[in-house]
Amino acid sequence: MVARYERIADALREEILAGAHPVGSQLPSESELAGRFGAARGTVRQAVAVLATEGLVGSRQGARRIVLGRARSQSFAELHSFAQWARANGHRFGGQVIEQRRRPASAAESARLGHGELLEVLRLRTLDGEPVLVERTVYAEWVAPAVERLPADCESVTEALYESIGLVFAYGEHLIDAVSAGAQDGRLLGVRRGSPLLRQRRTTTTYDGRPVETSDDRYRAGSVIFSIRNSIGANPLVRRAGDLRSWR
(Lines give C-alpha, C1' and ligand atoms only; values in the text may rest on other atoms or scores of the structure.)
Protein backbone atom coordinates (compact mmCIF):
# COMPACT_ATOMS: atom_id res chain seq x y z
CA MET A 1 0.00 0.00 0.00
CA VAL A 2 1.27 3.48 -0.88
CA ALA A 3 1.80 5.63 2.21
CA ARG A 4 -0.41 8.69 2.68
CA TYR A 5 2.51 11.12 2.47
CA GLU A 6 3.64 9.52 -0.81
CA ARG A 7 0.21 10.10 -2.36
CA ILE A 8 0.33 13.75 -1.28
CA ALA A 9 3.87 14.08 -2.67
CA ASP A 10 2.70 12.54 -5.97
CA ALA A 11 -0.15 15.05 -6.25
CA LEU A 12 2.07 18.06 -5.51
CA ARG A 13 4.80 16.80 -7.83
CA GLU A 14 2.33 16.51 -10.71
CA GLU A 15 1.16 20.07 -10.07
CA ILE A 16 4.73 21.43 -10.03
CA LEU A 17 5.69 19.60 -13.21
CA ALA A 18 2.50 20.83 -14.88
CA GLY A 19 3.31 24.43 -13.94
CA ALA A 20 0.48 24.91 -11.43
CA HIS A 21 3.11 26.14 -8.96
CA PRO A 22 5.56 28.27 -11.02
CA VAL A 23 9.27 28.34 -10.27
CA GLY A 24 9.91 30.95 -7.56
CA SER A 25 6.41 30.76 -6.12
CA GLN A 26 5.56 29.55 -2.62
CA LEU A 27 3.77 26.30 -1.92
CA PRO A 28 0.67 26.59 0.27
CA SER A 29 1.46 26.42 3.97
CA GLU A 30 1.48 23.12 5.87
CA SER A 31 -1.83 23.97 7.50
CA GLU A 32 -3.40 24.80 4.12
CA LEU A 33 -2.14 21.56 2.59
CA ALA A 34 -3.28 19.60 5.63
CA GLY A 35 -6.77 21.01 5.20
CA ARG A 36 -6.79 20.35 1.48
CA PHE A 37 -5.70 16.71 1.77
CA GLY A 38 -7.42 16.00 5.10
CA ALA A 39 -4.11 14.93 6.62
CA ALA A 40 -2.06 15.72 9.70
CA ARG A 41 0.58 18.43 9.36
CA GLY A 42 3.28 15.85 10.08
CA THR A 43 2.12 13.81 7.10
CA VAL A 44 2.19 16.90 4.88
CA ARG A 45 5.67 17.73 6.19
CA GLN A 46 6.87 14.27 5.12
CA ALA A 47 5.39 14.75 1.65
CA VAL A 48 7.05 18.12 1.14
CA ALA A 49 10.36 16.70 2.40
CA VAL A 50 10.22 14.18 -0.45
CA LEU A 51 9.91 17.04 -2.96
CA ALA A 52 12.81 18.82 -1.28
CA THR A 53 14.96 15.70 -1.64
CA GLU A 54 14.12 15.65 -5.36
CA GLY A 55 15.17 19.28 -5.70
CA LEU A 56 11.70 20.52 -6.68
CA VAL A 57 11.24 22.76 -3.64
CA GLY A 58 13.55 24.51 -1.19
CA SER A 59 14.45 22.73 2.02
CA ARG A 60 14.45 25.77 4.32
CA GLN A 61 12.60 25.09 7.58
CA GLY A 62 10.17 27.42 9.32
CA ALA A 63 8.77 29.05 6.18
CA ARG A 64 6.74 28.20 3.13
CA ARG A 65 8.70 26.14 0.65
CA ILE A 66 9.80 27.85 -2.56
CA VAL A 67 9.42 26.02 -5.87
CA LEU A 68 12.94 25.69 -7.26
CA GLY A 69 12.37 23.98 -10.57
CA ARG A 70 10.53 21.50 -12.71
CA ALA A 71 13.52 19.33 -13.67
CA ARG A 72 13.70 15.57 -13.26
CA SER A 73 15.78 14.95 -10.16
CA GLN A 74 17.32 11.74 -8.85
CA SER A 75 18.44 11.52 -5.23
CA PHE A 76 21.45 9.58 -3.94
CA ALA A 77 19.90 9.31 -0.46
CA GLU A 78 18.92 5.73 -1.36
CA LEU A 79 20.27 3.21 -3.86
CA HIS A 80 17.73 2.97 -6.68
CA SER A 81 18.07 1.85 -10.28
CA PHE A 82 17.17 4.16 -13.15
CA ALA A 83 13.93 2.23 -13.72
CA GLN A 84 12.93 2.29 -10.04
CA TRP A 85 13.52 6.04 -9.87
CA ALA A 86 11.65 6.70 -13.13
CA ARG A 87 8.64 4.63 -12.08
CA ALA A 88 8.48 6.24 -8.64
CA ASN A 89 8.39 9.67 -10.24
CA GLY A 90 5.72 8.85 -12.81
CA HIS A 91 7.92 8.78 -15.93
CA ARG A 92 7.67 6.43 -18.90
CA PHE A 93 10.94 4.58 -19.28
CA GLY A 94 12.57 1.91 -21.40
CA GLY A 95 15.83 0.16 -22.11
CA GLN A 96 17.46 -1.59 -25.06
CA VAL A 97 20.69 -3.58 -25.25
CA ILE A 98 22.82 -2.27 -28.12
CA GLU A 99 25.81 -4.59 -27.69
CA GLN A 100 26.67 -7.45 -25.36
CA ARG A 101 29.77 -9.65 -25.15
CA ARG A 102 31.88 -11.79 -22.86
CA ARG A 103 35.54 -10.89 -22.43
CA PRO A 104 38.46 -11.45 -20.05
CA ALA A 105 38.83 -9.09 -17.10
CA SER A 106 41.54 -6.47 -17.13
CA ALA A 107 43.86 -6.15 -14.15
CA ALA A 108 41.83 -3.25 -12.75
CA GLU A 109 38.54 -5.10 -13.29
CA SER A 110 39.91 -8.22 -11.62
CA ALA A 111 40.66 -6.15 -8.54
CA ARG A 112 37.08 -4.84 -8.46
CA LEU A 113 34.98 -7.69 -9.86
CA GLY A 114 37.16 -10.77 -9.46
CA HIS A 115 38.92 -12.92 -12.00
CA GLY A 116 37.25 -14.73 -14.88
CA GLU A 117 35.25 -13.84 -17.94
CA LEU A 118 33.15 -10.71 -17.50
CA LEU A 119 30.00 -9.63 -19.34
CA GLU A 120 30.09 -6.17 -20.95
CA VAL A 121 26.73 -4.63 -21.89
CA LEU A 122 26.01 -1.39 -23.74
CA ARG A 123 22.44 -0.29 -23.04
CA LEU A 124 20.42 2.76 -24.10
CA ARG A 125 17.82 4.12 -21.67
CA THR A 126 14.84 6.30 -22.57
CA LEU A 127 12.72 8.60 -20.43
CA ASP A 128 9.30 9.76 -21.60
CA GLY A 129 10.18 8.57 -25.10
CA GLU A 130 13.53 10.38 -25.33
CA PRO A 131 17.04 8.83 -25.25
CA VAL A 132 18.67 10.16 -22.08
CA LEU A 133 21.25 7.65 -20.85
CA VAL A 134 23.94 5.36 -22.23
CA GLU A 135 25.02 2.64 -19.80
CA ARG A 136 28.27 0.72 -20.20
CA THR A 137 28.03 -1.95 -17.54
CA VAL A 138 30.47 -4.74 -16.77
CA TYR A 139 29.08 -7.64 -14.71
CA ALA A 140 31.05 -10.07 -12.57
CA GLU A 141 31.33 -13.61 -13.92
CA TRP A 142 29.05 -15.11 -11.26
CA VAL A 143 26.07 -12.93 -12.27
CA ALA A 144 26.74 -12.83 -16.04
CA PRO A 145 24.59 -15.89 -16.99
CA ALA A 146 21.52 -14.39 -15.30
CA VAL A 147 22.02 -11.09 -17.13
CA GLU A 148 22.41 -12.89 -20.46
CA ARG A 149 19.04 -14.56 -19.99
CA LEU A 150 17.23 -11.21 -19.75
CA PRO A 151 15.39 -9.88 -22.82
CA ALA A 152 17.19 -7.14 -24.75
CA ASP A 153 14.41 -4.66 -23.93
CA CYS A 154 14.30 -5.46 -20.18
CA GLU A 155 13.03 -2.34 -18.45
CA SER A 156 14.64 -2.97 -15.06
CA VAL A 157 17.69 -5.21 -14.78
CA THR A 158 17.74 -4.66 -11.01
CA GLU A 159 14.20 -5.94 -10.54
CA ALA A 160 14.61 -8.79 -13.04
CA LEU A 161 17.74 -10.10 -11.29
CA TYR A 162 15.98 -9.96 -7.94
CA GLU A 163 13.07 -11.97 -9.32
CA SER A 164 15.25 -14.53 -11.11
CA ILE A 165 18.14 -15.15 -8.68
CA GLY A 166 17.24 -13.12 -5.59
CA LEU A 167 20.05 -10.61 -6.18
CA VAL A 168 19.86 -7.40 -4.14
CA PHE A 169 22.01 -4.42 -5.13
CA ALA A 170 22.83 -3.22 -1.62
CA TYR A 171 25.77 -0.82 -1.72
CA GLY A 172 27.03 1.59 -4.35
CA GLU A 173 29.97 3.95 -4.78
CA HIS A 174 29.32 6.81 -7.21
CA LEU A 175 31.75 9.13 -8.94
CA ILE A 176 30.25 12.06 -10.89
CA ASP A 177 31.97 14.24 -13.47
CA ALA A 178 31.46 15.73 -16.94
CA VAL A 179 32.78 14.31 -20.22
CA SER A 180 32.47 15.10 -23.91
CA ALA A 181 30.28 12.91 -26.10
CA GLY A 182 32.14 10.61 -28.44
CA ALA A 183 30.79 9.48 -31.80
CA GLN A 184 28.86 6.54 -30.36
CA ASP A 185 27.38 8.51 -27.45
CA GLY A 186 26.36 11.31 -29.80
CA ARG A 187 24.64 8.92 -32.19
CA LEU A 188 22.72 7.10 -29.44
CA LEU A 189 21.69 10.22 -27.52
CA GLY A 190 21.02 12.39 -30.54
CA VAL A 191 23.60 15.05 -29.69
CA ARG A 192 26.67 16.39 -31.49
CA ARG A 193 30.06 14.87 -30.90
CA GLY A 194 31.82 16.87 -28.20
CA SER A 195 28.58 17.84 -26.46
CA PRO A 196 28.78 17.80 -22.64
CA LEU A 197 27.46 14.72 -20.87
CA LEU A 198 27.00 14.08 -17.16
CA ARG A 199 28.87 10.89 -16.24
CA GLN A 200 28.18 8.68 -13.26
CA ARG A 201 30.63 5.86 -12.60
CA ARG A 202 29.53 3.33 -10.03
CA THR A 203 30.53 0.07 -8.40
CA THR A 204 27.78 -2.01 -6.80
CA THR A 205 27.97 -4.88 -4.31
CA THR A 206 25.65 -7.20 -2.40
CA TYR A 207 24.95 -6.95 1.32
CA ASP A 208 27.94 -9.16 2.08
CA GLY A 209 30.24 -7.08 -0.12
CA ARG A 210 30.32 -9.38 -3.15
CA PRO A 211 31.01 -7.29 -6.30
CA VAL A 212 28.18 -7.29 -8.85
CA GLU A 213 28.98 -4.67 -11.47
CA THR A 214 30.83 -1.55 -12.47
CA SER A 215 29.22 0.93 -14.83
CA ASP A 216 29.98 4.08 -16.79
CA ASP A 217 26.64 5.88 -17.24
CA ARG A 218 26.41 8.98 -19.43
CA TYR A 219 23.38 11.27 -19.28
CA ARG A 220 22.39 13.74 -21.98
CA ALA A 221 22.78 17.30 -20.71
CA GLY A 222 19.57 18.64 -19.17
CA SER A 223 17.87 15.24 -18.91
CA VAL A 224 18.16 14.75 -15.14
CA ILE A 225 19.50 16.46 -12.03
CA PHE A 226 21.18 14.57 -9.20
CA SER A 227 20.34 15.73 -5.66
CA ILE A 228 22.37 15.06 -2.53
CA ARG A 229 21.14 16.10 0.92
CA ASN A 230 23.71 16.63 3.63
CA SER A 231 24.12 18.21 7.03
CA ILE A 232 26.84 19.36 9.36
CA GLY A 233 26.91 15.88 10.87
CA ALA A 234 26.69 13.74 7.74
CA ASN A 235 28.02 14.56 4.30
CA PRO A 236 27.93 11.79 1.67
CA LEU A 237 29.52 14.02 -0.97
CA VAL A 238 33.32 14.03 -1.30
CA ARG A 239 35.18 16.36 -3.66
CA ARG A 240 38.00 14.93 -5.76
CA ALA A 241 40.36 16.65 -8.14
CA GLY A 242 39.57 15.95 -11.78
CA ASP A 243 41.93 15.26 -14.64
CA LEU A 244 41.94 18.45 -16.73
CA ARG A 245 43.83 16.67 -19.48
CA SER A 246 40.64 14.86 -20.45
CA TRP A 247 39.24 18.18 -21.72
CA ARG A 248 42.20 19.09 -23.93
Side-chain angles (χ1 to χ4, degrees), residues 1-93 125-130 132-133 172 174-178 191 195-200 202 217-240 242:
M1 178 182 293
V2 179
R4 183 74 177 278
Y5 78 90
E6 291 178 320
R7 294 199 297 270
I8 296 174
D10 289 343
L12 292 174
R13 184 187 301 109
E14 289 180 3
E15 292 176 358
I16 292 173
L17 295 178
H21 302 289
V23 175
S25 68
Q26 293 183 331
L27 281 182
S29 67
E30 288 182 358
S31 60
E32 290 171 335
L33 292 173
R36 171 187 167 186
F37 291 103
R41 290 184 63 173
T43 302
V44 169
R45 193 173 300 120
Q46 283 183 286
V48 176
V50 171
L51 303 182
T53 298
E54 296 173 0
L56 293 176
V57 301
S59 58
R60 183 161 59 102
Q61 302 296 324
R64 293 192 181 193
R65 303 296 184 111
I66 303 297
V67 178
L68 298 180
R70 295 165 56 189
R72 303 151 170 156
S73 176
Q74 180 175 358
S75 172
F76 281 128
E78 297 177 329
L79 182 61
H80 290 306
S81 71
F82 175 83
Q84 289 170 327
W85 164 78
R87 182 184 297 112
N89 287 274
H91 298 295
R92 292 183 293 109
F93 58 93
R125 298 285 191 176
T126 61
L127 194 64
D128 298 327
E130 301 176 352
V132 297
L133 168 61
H174 305 265
L175 300 175
I176 304 173
D177 61 2
V191 299
S195 297
L197 303 177
L198 180 64
R199 179 172 66 171
Q200 176 200 187
R202 71 173 187 273
D217 301 343
R218 304 188 180 197
Y219 291 82
R220 196 185 72 211
S223 60
V224 300
I225 292 174
F226 289 122
S227 68
I228 301 174
R229 299 186 71 189
N230 54 26
S231 68
I232 192 171
N235 186 353
L237 181 63
V238 177
R239 294 182 179 89
R240 295 188 182 181

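What's counted below: heavy atoms across the whole structure, side chains too, no hydrogens, waters or symmetry copies. Here the structure is a predicted model, which is why all the values come from computation and not from measurement.
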**Student:** To the nearest 0.5 Å, tell me how far Leu197 CG sits from Arg220 CZ.
**Tutor:**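 One gets 10.0 Å once the value is rounded to the nearest 0.5 Å.
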**Student:** Calculate, to the nearest 0.5 Å, the distance between atoms CZ and CG belonging to Arg218 and Asp177 respectively.
**Tutor:**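 Arg218 atom CZ to Asp177 atom CG measures 8.5 Å (nearest 0.5 Å).
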**Student:** How far does CZ of Arg92 sit from CG of Asp128, to the nearest 0.5 angstrom?
**Tutor:**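 It is 5.5 Å, given to the nearest 0.5 Å.
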**Student:** Can you confirm whether Leu12 sits close enough to Phe37 that some side-chain heavy atom of one is under 4.5 Å from a side-chain heavy atom of the other?
**Tutor:** yes
**Student:** Can you tell me how far apart CD (Gln46) and CZ (Arg41) are? Round to the nearest 0.5 Å.
**Tutor:** 14.0 Å
**Student:** Kindly determine whether Arg13 and Val50 satisfy side-chain contact (heavy atoms from CB on, under 4.5 Å), including the steps that lead there.
**Tutor:** CA-CA 10 Å; Arg13 184 187 301 109; Val50 171; 3.9 Å; yes
**Student:** To check you understand the geometry: which heavy-atom pair defines the closest contact between Tyr5 and Ala47, and what is its length?
**Tutor:**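 Smallest heavy-atom distance, with atoms named: O-CB, 3.2 Å.
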**Student:** Quick one: closest heavy-atom pair of Thr126 and Phe82, and the distance?
**Tutor:** O-CE2, 3.8 Å
**Student:** Side-chain contact test, heavy atoms from C-beta onward, threshold under 4.5 Å: evaluate it for Arg65 versus Leu51 and give yes or no.
**Tutor:**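 No, too far: nothing below the 4.5 Å cut-off.
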**Student:** Kindly compute the distance separating CG (Leu175) from CD (Gln200), expressed to the nearest 0.5 Å.
**Tutor:** 9.0 Å
**Student:** Taking all heavy atoms of Ile66 and all of Gln26, pick out the closest pair and write down the distance.
**Tutor:** CD1-CG, 3.3 Å
**Student:** Is the shortest distance from a Lys or Arg side-chain nitrogen in Arg7 or Asp10 to a carboxylate oxygen in the other one below 4.0 Å?
**Tutor:**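 No, no charged N to carboxylate O under 4.0 Å.
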**Student:** Indicate the atoms forming the closest heavy-atom contact of Ala34 with Ala40, along with that distance.
**Tutor:** CB-C, 4.4 Å
**Student:** Heavy atoms only: give me the nearest Pro22-Ser25 pair and the separation to one decimal.
**Tutor:**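 In terms of heavy atoms, the two residues are closest at O-OG, 2.6 Å.
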**Student:** Are Ile8 and Leu33 side-chain neighbours, meaning at least one heavy-atom pair lies under 4.5 Å?
**Tutor:** no
**Student:** Is there a side-chain contact between Leu27 and His21 in this structure, where contact means two heavy atoms from C-beta onward sitting under 4.5 Å apart?
**Tutor:** yes
